[in-house]
Amino acid sequence: MTALLDALVPESAELLSPKRRLRNGRELRHDIEALAQDMLRAGIARGDVLAVALPDGPEMLLASSAALSIAAFAPLNPAFCEAEFEFYLSSLGVRALLAEPGSSAAAAAARLGIPLFQRGATLAGTATKHTYTDAVLLLHTSATTGKPKLVPLSAAHLSAMLDNTCRALELSADDRFLSMMPLFHLQGLLSCWAQWRAGGSLVLTAGFDAREFLSWLEEYHPTW
């Protein structure tokens with residue numbers, strides 16, 4: 001867990017978000033490690049699949065980073081309907097779901113007998129094990145040619161993709177990324193993690209907002 005976080009969140013990384021205070025790399029590491037430890041204490045282990053369906057924002061990225069460090073992490077679109085959540089949760093063999101209580105994701109999980117992860121609580125039920133070899137990130141294709149296809153990525157795959165992103169965009173600790181991309185999507189997560197990996201700062205929004213966009217540019221001065 002520590003090695004992965006060392007690579008993802010160096011001390012020079014920063015996280016900003018509208019109406020939130022800045023968090024530096026040390027604080028981010030502390031928050032992510034604390035959440036990961038809570039996941040372990042709840043009964044989530046390497047080999048388990050932990051799905052996360054939260055709205056875009058700091059909580060989603062921190063939860064994603066924690067989940068990635070201890071389990072096979074599966075980000076899901078929080079805008080899915082219950083039937084879509086049932087399909088993805090059942091096909092992945094999910095051990096637990098991190099989602100907002102009362103959401104469509106939570107309702108689908110309850111119908112499938114999948115417990116919600118809650119900090120300080122132990123997961124109910126027995127673990128469902130699926131063999132995803134050394135996968136740390138589980139994604140589905142967009143299903144433009146049929147049913148969605150599962151794409152498991154290992155830590156080595158993810159590391160190579162992050163390095164390629166940093167190299168292609170020439171990212172450094174002097175850069176600041178304004179993220180308005182969905183965090184259930186690989187490109188959204190990859191861009192955020194690549195900026196952290198290079199150091200520098202990440203400004204995380206809940207998505208594009210035409211009324212706020214120009215003020216974000218004036219306040220944060222992003223380089224990309």
Side-chain angles (χ1 to χ4, degrees), residues 1 4 32 35-57 59-158 161 181-190 192-193 207:
M1 179 172 65
L4 184 58
I32 294 169
L35 180 54
Q37 289 297 332
D38 282 345
M39 291 173 176
L40 290 171
R41 282 190 286 268
I44 299 167
R46 178 63 67 191
D48 290 338
V49 178
L50 175 58
V52 180
L54 293 173
D56 291 329
E59 286 73 21
M60 174 60 179
L61 186 60
L62 295 178
S64 300
S65 303
L68 185 78
S69 68
I70 65 163
F73 159 54
L76 299 176
N77 184 350
F80 280 156
C81 67
E82 287 186 30
E84 289 172 312
F85 275 119
E86 284 193 39
F87 167 78
Y88 286 103
L89 292 173
S90 59
S91 66
L92 286 166
V94 171
R95 170 67 177 114
L97 170 70
L98 178 50
E100 295 181 327
S103 63
S104 296
R111 192 155 36 246
L112 294 171
I114 296 171
L116 286 182
F117 165 75
Q118 295 177 309
R119 301 189 76 164
T122 302
L123 297 177
T126 57
T128 302
K129 294 288 185 181
H130 277 243
T131 303
Y132 290 113
T133 60
D134 57 349
V136 296
L137 181 58
L138 301 174
L139 299 161
H140 280 87
T141 62
S142 56
T144 53
T145 59
K147 289 185 178 180
K149 299 175 180 64
L150 182 65
V151 181
L153 298 176
S154 68
H157 289 140
L158 184 60
M161 295 172 83
M181 304 175 72
L183 296 181
F184 63 85
H185 191 280
L186 176 61
Q187 191 61 47
L189 286 170
L190 198 66
C192 291
W193 283 331

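The structure displayed is predicted, hence computed values, not measured ones.
- Heavy atoms only, all atoms of each residue included: I32 and S65 are closest at CD1-CB, 3.7 Å.
- The backbone N or O of L92 sits less than 3.5 Å from a side-chain atom of Y132, completing a donor-acceptor pair.
- In terms of the side chain to side chain donor-acceptor pair (under 3.5 Å) criterion, residue partners of R111 (sequence neighbours excluded) are, by chain and number, E82, E86.
- Considering every non-hydrogen atom in both A51 and L76, the closest pair reads CB-CD1, 4.0 Å.
- Between Y88 and F80, the angle of the ring planes stays under 30°, which puts this pair in the parallel group of the 30/60° scheme.
- Here L189 contributes atom CG and L137 contributes atom CG; the two are 7.0 Å apart, rounded to the nearest 0.5 Å.
- Atom CZ in F73 sits 9.5 Å away from atom CG in L138 (nearest 0.5 Å).
- Counting only residues at least two apart or on different chains, no salt bridge (Lys or Arg N to Asp or Glu O under 4.0 Å) pair has a member in residues 99-110.
- Judged by distance alone, the side chain of S91 and the main-chain N or O of F87 form a donor-acceptor pair under 3.5 Å.
- S104 and C81 make their closest contact through CB-C, 4.4 Å (heavy atoms, listed as atom of the first residue, atom of the second, distance).
- Listed here is the closest heavy atom pair of L97 and A105: CD2-O, 3.4 Å.
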Legend entry - CA sep, side-chain torsions, deciding dist, call: L183, S64, side chain to side chain contact (heavy atoms under 4.5 Å, CB included): CA-CA 9 Å; L183 296 181; S64 300; 5.6 Å; no
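- For the side chain to side chain donor-acceptor pair (under 3.5 Å) test, residues two or more places apart in sequence or in another chain that qualify with S154 are H157.
- In this structure, D48 and I70 have side chains that are not in contact, with every pair of non-hydrogen atoms separated by 4.5 Å or more.
- Qualifying side chain to side chain donor-acceptor pair (under 3.5 Å) partners for E84, counting only residues two or more places apart in sequence or in other chains: none.
- The NE2 atom of H140 sits 10.5 Å away from the NZ atom of K149 when rounded to the nearest 0.5 Å.
- Remark: the backbone N or O of A71 is paired with a side-chain donor or acceptor of R46 at under 3.5 angstrom.
- Taking the side chain as every heavy atom from C-beta outward, L123 and L116 never approach each other to under 4.5 Å.
- The nearest pair of heavy atoms linking V136 to A155 is CG2-N, 3.7 Å.
- Closest approach of V151 to T141, counting heavy atoms only: CG2-CG2, 3.8 Å.
- For the atom pair CZ (R95) and CE (M39), the distance works out to 13.5 Å, reported to the nearest 0.5 Å.
- In this structure, CG on D38 lies 5.0 Å from CZ on R41, to the nearest 0.5 angstrom.
- With sequence neighbours left out, A63 forms a side-chain contact (heavy atoms from CB on, under 4.5 Å) with L35, V52, L54, L98.
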Legend entry - Full working for side chain to side chain contact (heavy atoms under 4.5 Å, CB included) between L61 and D56: CA-CA 8 Å; L61 186 60; D56 291 329; over 6 Å; no
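- The CG atom of L139 lies 8.0 Å from the CG atom of L150; values are rounded to the nearest 0.5 Å.
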Legend entry - Steps toward side chain to side chain contact (heavy atoms under 4.5 Å, CB included) verdict (N77, H185): CA-CA 8 Å; N77 184 350; H185 191 280; over 6 Å; no
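- Shown here are the side-chain contact (heavy atoms from CB on, under 4.5 Å) partners of P78, two or more places apart in sequence or in another chain: F184.
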